[in-house]
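What follows is a set of notes on a single structure, which appears directly below.
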Amino acid sequence: MCAKTLRSVHEHRKPASLRGRSFKRPTTGRFDINGDERKFKKKHSKANGIVSPMPNGKPTTSKKVNGMVNGVNGHAVVHMEDEADTSSGRGVATSSKYAAIQEQRANLPIARGETHSTIPAISIHDPSFATIGKEALLNEFREHDVTVLLGETGSGKTTQVPQYLLESGLAGEGMIAVTQPRRVAATSLAARVAAEQNGRVGSVVGYSVRFDERSSTDTRIKYLTDGMIFRELLSDPLLSKYSVVIVDEAHERSLRTDLLIANLKTIQQKRNDASQGKGKGKEKEKERLKIIIMSATLDAEKFAKFFPGSKIIYVQGRQHPVTIYHSAQGQLDYVDSAMRTFFQIHVDQPPGDVLIFLPGQEDIESLDNSIRLYANQLPPNQQEVLICTMYASQAPGQNAKVFNATPPNTRKCILATNIAETSITIPGVKYVIDTGKCKEKRYLAKNTGGGFDTLMTRDITKSSAMQRAGRAGREGPGFCFRLYTEESFKSMALSAEPEIMRSISALKTLFLIGGLDQSGEITQLGREMAAFPLEPVYSRAVLASKEYGCTNEVLTIIAVLSASSKVFVDSSEQRDAVAEARKKFKHGSGDHLTVLNVVRAYKDVALSENKSGRREWCRKHFLNERALLEANDIREQLQQTCERLGIDWKVSCGDGDEPVIQSFGQGLAMNTAFLQPDGTYKQTMGQSTVKIHPSSTLCDKKAPTIVYDEVVYTNQIYARGVSIISKSFLAGLGALKVRQA
DNA sequence: GAGCACTGC
């Protein structure tokens, strides 16, 4: 019976080729899953370090990866980077605490001279590294305008290098900027470094992220998000208040980091040219700009090539050894394989939590069910299994459960998406199971039959696989089980294709909505659009709302759509209750005004209820309060932008829906479609046929003409965030269609 | 009638 139930769990999974696979229920007390297909090839059983791929494809073991074993003399491991303790930095440390912090600083690999230097364009894996210490590192910074600093997690480079530059006087009179791709990293790093400087955040060490800035005239080291430094570029194109700009996490190749690096090159040339012409000595130094690119070990030479004359320096990390196993044969059904591997660990291996990487929610739920089913049949003397799931659209409270301490005699099993790869560090993990899969959003070009975003399961990259394995070695020696062969690993791409290479399809949209003219120059409308911290299509909708007299409503809706997390929370267990709760907010015109109804209802509740009452109301209605609060912040920021541009944001259309939707139509002109006899929709500007996503309030409503926020191709091509738009509005787009042609 | 990785202003 159980086998049947399990099969049915898997039956609905894709791909279809996997259907019908069954799992034999164990007949003995011992859960023997060590069948033929489940033999792992163990690599370097006595290895002292991660098996790292060489550029030439030969795996090697790197012994020095292991900082603890090399002797940190019993000091607790201090993770100096993304997990820096935020709370410790809020106040001024006591003198004994300060002394302890300084001792920790001195013991970091970067301070102890575990750095290597090599000449540019030579592989960083070259064995002929010279070991240099802090002073030598500073000399390299002094002698080179651009330094590429490679370092593994835990090396302390992000916290220490800015302080070295400050303490040595190398930064001169100017400030040191350290850019980060994520907000939490910027704020927690500033807290940590402020504590190391025995000061408060906002004095010598500060940060700047959206909605939150802590800096003053005293501030010399500033951690900021790459988005914020772009805002600063608008008012100070040469970044003149900074003498050093450090770009951290450059290997992630985010759109903004890439653009920032490109801009920095130009800025440096301009500033260094200017400094040649005038002044001497100190004055000259003040003008010059130093750039430090910090990156994980892959991709270094690309950055070095981009900056001729730059220097590559390598810093050891502090990571415990992780033994990596590859599956002997390829696995067709990675969910099934993950389950077998989990129980193999659970039965045979010493205590320690297990982290399983899966591509998405659907697989997580499926594996959750399977493990639950079989965990109940384990003999009573076995440890309990506690399953935690973690993915972006899950309620925040549910996600937070992974941080709870594991109860006694229990093994925690965490089923997570990429969310656990970089953003979040989960304590207690000793074993990692890596399915080798992830989901990636990718723009499918028109000439290949697309013209829209796709979200597909695909193989991860080598650098992703390394990152996942590393998650097992944060607190002690760990193990990583890869559900793919070593050959598959070798054939993986080195690292993700830079975002800039797979996302930009925006030029035509900008032209269509009037942000650019025919020669590609920015228009007056485009300039106003750029003032808003929004996607251009939504900036356009705000500007249109001025004409339609509904700025108030449009700002509210856009603020919610722009929040980082979704307002509607998923719960597969309470599906009916979710549907029932959604009904209350439903607006006949579609999803945009439904969002407005949610915000209005929340505001009503906020008038009569206290904090816990509001929270309870959100929980009951399956709404994410954090998203609503963030939307409120965004709304206030948008109001300020409106005021700067002389737009009256108080103008309201009351209960009217038509003006609101038409405002969106101006921005989302590309995303309009009309009903065809077979019930699908044909795009007005594009050849594709789309369906309304089942999560939409308009699903199955057969609205004649629609406007939507986005198209995503999963199993079918779906339009999401859909509202009914008038036929006459669509007819009015005829002129745009001509422009498009 | 299906299910959605991660960021940023």
Taking the side chain of [X] as its heavy atoms from C-beta onward, which of [options] lies nearest to it?
{"X": "A:R256", "options": "B:dG3, B:dG8, B:dC9", "result": "B:dG8"}
{"X": "A:Y718", "options": "B:dT7, B:dC9, B:dA2", "result": "B:dA2"}
{"X": "A:R183", "options": "B:dC6, B:dG8, B:dA2", "result": "B:dG8"}
{"X": "A:R182", "options": "B:dA2, B:dC4, B:dG8", "result": "B:dG8"}

* **Residue whose closest nucleotide on DNA chain B lies nearer the 5' end, A:P694 versus A:R210** => A:P694
* To do: Would you kindly compare A:R720 and A:E535 by the position of their nearest DNA chain B nucleotide and give the one closer to the 5′ end?
  => A:R720
Using atom [atom1] of [X] as one end and atom [atom2] of [N] as the other, report the distance to the nearest whole Å.
{"X": "A:Y713", "N": "B:dA2", "atom1": "OH", "atom2": "C1'", "result": "15 Å"}
{"X": "A:K691", "N": "B:dA2", "atom1": "NZ", "atom2": "C1'", "result": "10 Å"}
{"X": "A:R644", "N": "B:dC9", "atom1": "CZ", "atom2": "C1'", "result": "12 Å"}
{"X": "A:M390", "N": "B:dC4", "atom1": "CE", "atom2": "P", "result": "19 Å"}
{"X": "A:N418", "N": "B:dC4", "atom1": "CG", "atom2": "C1'", "result": "13 Å"}
{"X": "A:F211", "N": "B:dG8", "atom1": "CZ", "atom2": "P", "result": "12 Å"}
{"X": "A:K566", "N": "B:dC4", "atom1": "NZ", "atom2": "P", "result": "10 Å"}
{"X": "A:R635", "N": "B:dC9", "atom1": "CZ", "atom2": "C1'", "result": "18 Å"}

* Any donor and acceptor pair, going by atom type alone, linking the side chain of A:S545 with main-chain N or O of A:S663 inside 3.5 Å? -> no
* Test: A:E362 and A:K439 ion pair at under 4.0 Å -> no
* Taking only Lys NZ, Arg NE, NH1 and NH2, and the carboxylate oxygens of Asp or Glu, determine whether A:E213 and A:K222 approach each other closer than 4.0 Å. => yes
May I ask you to evaluate whether [X] reaches the phosphate of [N], defined as a side-chain N or O under 4.0 Å from OP1 or OP2?
{"X": "A:S695", "N": "B:dA2", "result": "no"}
{"X": "A:T417", "N": "B:dC6", "result": "yes"}
{"X": "A:T714", "N": "B:dC4", "result": "yes"}
{"X": "A:S562", "N": "B:dC9", "result": "no"}

* To do: Determine the contact category for A:L534: base if any of its heavy atoms lies under 4.0 Å from a base atom, sugar-phosphate if only primed atoms, P, OP1 or OP2 are that close, otherwise nothing.
  => base
* To do: Find out whether the Lys NZ or Arg CZ of A:R256 is both under 6.0 angstrom from the six-membered ring centre of A:F230 and within 45° of the ring's axis.
  => no
* Asked: Looking at A:T219, A:T225, A:D212, which hits side chain to side chain donor-acceptor pair (under 3.5 Å) with A:Y207?
  -> A:D212
* Asked: Is any N or O donor-acceptor pair between the side chain of A:K439 and the base of B:dC6 shorter than 3.5 Å?
  -> no
